[in-house]
Amino acid sequence: MLMKLVAALVIAFGPAQAPDLPGVGVLVDEYVTTTMAEEKIPGVAVTVVAGGRQVVNKGYGWADVERRVPVDPDRTRFLIGSETKLFTAQAALQLVRADKLELDADVNTYLRTFTIRDTYPGRPVTLRHLLTHTAGFDDDHLFGSASDVRPLGEALAATQPARVRPPGTGVAYNNYGVALAGYLVETVSGMPFEEYVRRNVFEPLGMSDSTVACGGLRGTKAYLLDGTATDVTCADFAAAGAGPAATADDMGAYLRAQLALDARLGRGVAADMQRRQYTEHPLLPGMGFMWEEMPYKGHRMLFKGGDMPGMHAYMFLLPDEGIGIHVMSNGDGTGRHGLDGFALAEKIIDRYLPSGEPPSARPLPGASAERYEGWYQSGRTSHGSMRKVEALLDEPIHVTASTDGAVLTTHLKGAAQRRWTQIATGVFQEEGGWDRIAFPEPGQLALSRSTAVFDRIGPLDHPSLHLAVLAAGLIAALAAVVGFPVAAVVGAARSGPRVPRVLAWVAAVLVLVFAGGFGTVLSDEARATPLLLAGAPELVALLVVASLTVPLAVVLLALAATAWWRRWWRVPGRVAYTLVALGVTAFAAVAVTYNLVGPAFS
C-alpha cells in the first residue's frame with residue numbers, strides 16, 4: 001500500500017518524474033527464475049526502463065544449452081520477430097518527414113517492378129494502411145518462406161496475397177503489408193532496407209548489436225518445446241520480422257528513446273508512432289503506427305511482440321509513467337510463447353502503479369442487441385492459404401442478446417461466458433471488468449486489446465460443422481480400411497468388379513494417413529511452424545495425399561452410382577460402398593475448404 005502511495009505521488013509530477021521502481025529487480029528475478037523452471041525455458045533477458053534509465057538489464061539461463069554459454073544482456077542476441085515492425089514504421093515515417101513518402105498516397109505511386117492489384121477501385125492501399133494493419137490483405141504467405149529467402153522486392157512480387165476487405169475497414173494483423181512498407185523505404189531511399197535501418201535507426205541510438213539482416217543471430221540457439229534446437233531463424237519479409245536480432249541492452253536503448261520522444265528517432269516520429277492512428281470505434285483502444293494499444297487497469301500501455309520458432313519477445317511502453325519493459329526468450333516453453341511478458345508487465349504495474357476500480361457500466365436506456373447476435377470469426381483467418389486450417393481448431397466467438405440490451409459472449413479470449421452492458425449504440429462495457437467490445441459495422445465485432453476484427457459467419461461456415469463432416473469421413477474411411485479386407489476374406493464381396501473396391505480402400509487409406517500425419521503436426525504447434533516455414537518434404541507429402549483424395553472422391557461417387565445402376569454386389573455391399581464414397585467426399589470437401597489441396601501450396 002505504501003509503495004503504491006509513493007508511486008502515485010511521484011507520477012503526479014509527470015513522466016519526467018517517473019518512479020525508479022525500487023525493488024523491481026527482485027520482483028523480476030523471482031518471476032523469471034520460477035517461470036523458467038516451471039516452463040522449461042533455456043534462456044531469458046529482461047530490461048526495465050524507468051525515469052529515463054535502465055533499472056533492470058539482466059540475463060538468465062543459457063544462450064546455448066549444449067555449450068553452456070550464459071545469456072549476457074549486453075552481447076546475447078535474440079530473434080525479435082515482429083518487434084522489427086517498429087523499426088519499419090520508424091524508417092517509413094522518417095521518409096514521410098523528409099517528403100519522400102506520403103502517408104495517404106497510393107503505394108503504387110512508389111512501386112517500380114510490380115503493382116498492388118486494384119481490387120477495390122477508388123480505394124487504394126496507402127502507407128497509413130500498411131502501418132496500421134488496415135490494408136485488407138489476406139493473411140497468406142508462409143509456406144516455404146524460410147527454405148529459399150529471397151530479396152524483399154522479389155518475395156513481395158511473387159507472393160502478393162488477395163485483398164479481402166476494403167482498406168481502412170478493419171484491423172487484421174498482416175506481415176505482407178508491413179514488409180511492403182519496408183520495400184517502400186528501400187525504393188525511395190535508394191538503399192537496401194537492412195542498410196537504411198542500420199544507418200538511420202540503429203546507429204543514431206548506438207544499437208550496435210542489432211541487425212535486420214538474416215543470419216545475425218550470432219550463436220544463440222532457439223529451442224522448441226521438446227528442448228531441441230531449430231534451424232528456422234529467418235524467412236522472407238525481414239522487414240516484417242522474419243530474421244532480425246538484437247540484444248537486451250540495445251532494446252533498452254530503444255525503449256528509452258521512445259519514452260523520451262527522442263529526436264534521433266526522427267523529428268516527431270516517436271510521437272506519431274505512439275499516437276492513436278486508427279480505431280474501430282472512438283470508445284475502443286486501437287493502433288498507433290505499429291504500436292498496439294493494450295490498456296491495463298486504466299493505464300495506457302502500448303505493446304509490440306515478436307515470435308519466431310523457439311524465440312519470443314515482448315515490448316511494453318507506459319508513456320504517461322515513463323516505464324518500458326522488454327522480455328526475450330530463446331525457448332518456446334510449455335506455454336509455446338516463451339516467458340509470458342504480459343504476466344511480468346502486469347506484476348510490475350500492479351505493484352508500482354495505483355489503479356482504481358473498473359469503470360461502472362451505465363446501461364443505454366431502451367437499447368436492443370438482437371441485431372448483434374451470431375458467431376464471429378477472426379478477420380485474420382486466411383482465405384487462400386492452408387493457414388485457414390487454424391480456424392478449424394479455433395472456436396468462434398458467440399454473441400447472444402439479453403432482453404435488457406446487454407450481450408453475453410462465449411469463447412472470447414478463452415472465457416466460458418462474459419456479460420457486457422451496452423453503454424452506447426453498439427458499444428459494450430464488460431461487467432466488472434475493464435474491456436470493451438463494439439459492433440462498428442454490420443456483421444463486424446471489434447475487441448479492445450486485439451489486432452483483428454471479427455466477422456460474422458453463417459452456420460455453413462462454422463468450424464464445428466466442418467469438424468463433424470470430417471469426423472464422418474474419418475469413420476467411413478476407418479470402416480473401409482478394416483471392412484473391405486474382412487469382406488474379401490469371408491467371401492461377402494466376391495461378386496462384382498474388384499477394382500472399385502480397391503480404389504475405395506486406397507482412398508480410405510489416404511484419408512487416414514493424412515489425418516494421422518497432419519493431426520500429429522497440428523498437435524505440436526512448436527514443430528508445425530518450422531515445418532511450414534521450411535516447406536518440409538514430409539508436410540508436402542501429406543498435402544499431396546490430401547490432394548489425391550479429391551479426384552478419388554469424384555471417381556468413387558461415379559462408381560457408387562454405377563454400382564446401383566448395374567447392381568454390383570448385394571444391397572448391403574452397395575450401401576457400404578456408397579457410404580465410403582460419401583465419407584471420402586466429405587473429407588475431400590473439408591480439405592478443399594481449408595486449402596489443403598494443391599498443386600500450388602501456399
Side-chain angles (χ1 to χ4, degrees), residues 80-112 125-135 151-153 156 174-213 216 237-241 243-246 250-278 287-292 302 304 306 315 317 319 324:
I80 57 173
S82 289
E83 288 184 349
T84 310
K85 292 178 172 66
L86 293 172
F87 306 147
T88 302
Q90 178 190 337
L93 292 171
Q94 287 176 351
L95 294 169
V96 170
R97 292 282 179 169
D99 294 325
K100 293 184 178 181
L101 286 173
E102 292 184 20
L103 278 168
D104 298 305
D106 185 340
V107 295
N108 286 325
T109 304
Y110 307 103
L111 297 175
R112 301 289 179 265
V125 173
T126 68
L127 179 60
R128 186 184 301 277
H129 296 139
L130 300 180
L131 298 183
T132 54
H133 292 305
T134 58
L152 182 55
L156 288 165
N174 187 268
N175 288 305
Y176 183 91
V178 184
L180 181 58
Y183 186 59
L184 296 184
V185 170
E186 185 172 293
T187 301
V188 304
S189 70
M191 67 179 76
F193 173 77
E194 294 84 354
E195 181 66 13
Y196 183 93
V197 171
R198 184 183 68 79
R199 291 186 188 182
N200 298 281
V201 176
F202 294 155
E203 284 187 359
L205 299 180
M207 296 172 64
S208 58
D209 272 315
S210 299
T211 178
V212 293
F237 304 164
D250 275 6
M251 297 307 281
Y254 196 76
L255 283 172
R256 293 197 304 275
Q258 282 279 345
L259 287 167
L261 305 180
D262 196 321
R264 291 176 297 171
L265 297 171
R267 180 174 51 86
V269 166
D272 285 346
M273 291 176 68
Q274 295 175 32
R275 188 180 303 116
R276 183 182 297 173
Q277 301 291 342
Y278 180 86
M287 289 285 304
F289 286 132
M290 286 297 103
W291 281 114
E292 304 162 18
L302 303 177
K304 190 73 202 84
M315 182 185 289
L317 282 188

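Source: prediction; values computed, not measured.
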Partners passing ring pair (Phe, Tyr, Trp, His ring centres under 6.0 Å) against His129 (at least two apart in sequence or in another chain): none

Residue pair Val107 / Leu127: nearest heavy atoms and the distance that separates them: CG1-N, 3.9 Å

CG/Leu259 to OH/Tyr254 distance, rounded to the nearest 0.5 angstrom? 11.0 Å

In this structure, CE of Met273 is separated from CG of Leu131 (nearest 0.5 Å) by 8.5 Å

Please find out if less than 6.0 Å separates the ring center of Tyr110 from that of Tyr183. no

CG (Leu111) and CG (Leu156) are apart, to the nearest 0.5 Å, by 8.5 Å

Any chance CZ of Arg267 has more than 12 other-residue heavy atoms, nucleotides or ligands included, within less than 6.0 Å? no

From CG (Leu101) to OG1 (Thr126), nearest 0.5 Å: 11.5 Å

Taking C-beta and beyond as the side chain, do Ser210 and Ile80 meet within less than 4.5 Å on heavy atoms? no

For Asn175 and Ser82, which heavy atoms make the closest approach, and how far apart are they? OD1-OG, 4.0 Å

Given 3.5 Å as the limit, does a donor-acceptor pair link the side chain of Arg264 with the main chain of Pro204, or not? yes

Do Glu195 and Arg199 meet the salt-bridge criterion of a basic N to acidic O distance under 4.0 Å? yes

Shortest non-hydrogen pair, Ala257 vs Leu205, comes out as CB-CD2, 3.8 Å

Quick check for you: to the nearest 0.5 Å, what is the distance between Trp291 atom CH2 and Lys85 atom NZ? 13.5 Å

Heavy-atom check, side chain of Val197 versus side chain of Thr88, under 4.5 Å: no

Quick one: closest heavy-atom pair of Asp272 and Phe289, and the distance? O-CD1, 3.5 Å

Arg128: partners by salt bridge (charged side-chain N to carboxylate O under 4.0 Å, His left out), with sequence neighbours left out: Asp104

So do the side chains of Arg198 and Phe193 get within less than 4.5 Å of each other, counting heavy atoms only? no

Whether Asn200 side chain and Tyr196 backbone form a donor-acceptor pair below 3.5 Å: yes

Please find the pair of heavy atoms, one from Leu152 and one from Ala239, that lie closest to each other, and give the distance. CD2-CB, 4.2 Å

Is a donor on one side and an acceptor on the other found under 3.5 Å between the side chain of Lys100 and the backbone of Val188? no

Taking the side chain as C-beta and beyond, is there a heavy-atom pair between Gln277 and Met287 under 4.5 Å? no

Do Val125 and Asp106 have side chains that approach each other closer than 4.5 Å (heavy atoms only, starting at C-beta)? no

Taking only residues two or more places apart in sequence, or in another chain, which ones meet Glu102 in a salt bridge (charged side-chain N to carboxylate O under 4.0 Å, His left out)? none

Distance-only, no hydrogens or angles: does the Glu83 side chain make a donor-acceptor pair with backbone N or O of Met315 under 3.5 Å? yes

Quick one: closest heavy-atom pair of Ala245 and Gly216, and the distance? CB-O, 4.0 Å

Check salt bridge (charged side-chain N to carboxylate O under 4.0 Å, His left out) between Glu292 and all other residues, then give those that pass, not counting sequence neighbours. Lys304

Partners of Arg256 by side-chain hydrogen bond (donor to acceptor under 3.5 Å, both in side chains), sequence neighbours excluded? Gln54

Who passes side-chain hydrogen bond (donor to acceptor under 3.5 Å, both in side chains) against Asn174, sequence neighbours left out? none

Rounded at 0.5 Å granularity, tell me how far CG in Leu184 sits from OG1 in Thr109. 9.5 Å

Tyr278 versus His133: any side-chain heavy-atom pair under 4.5 Å? no

Pairwise side-chain contact, Leu302 with Gln274, heavy-atom cut-off 4.5 Å (strictly under): yes

Considering only heavy atoms from C-beta outward, does the side chain of Gln90 approach that of Met290 to under 4.5 Å? no

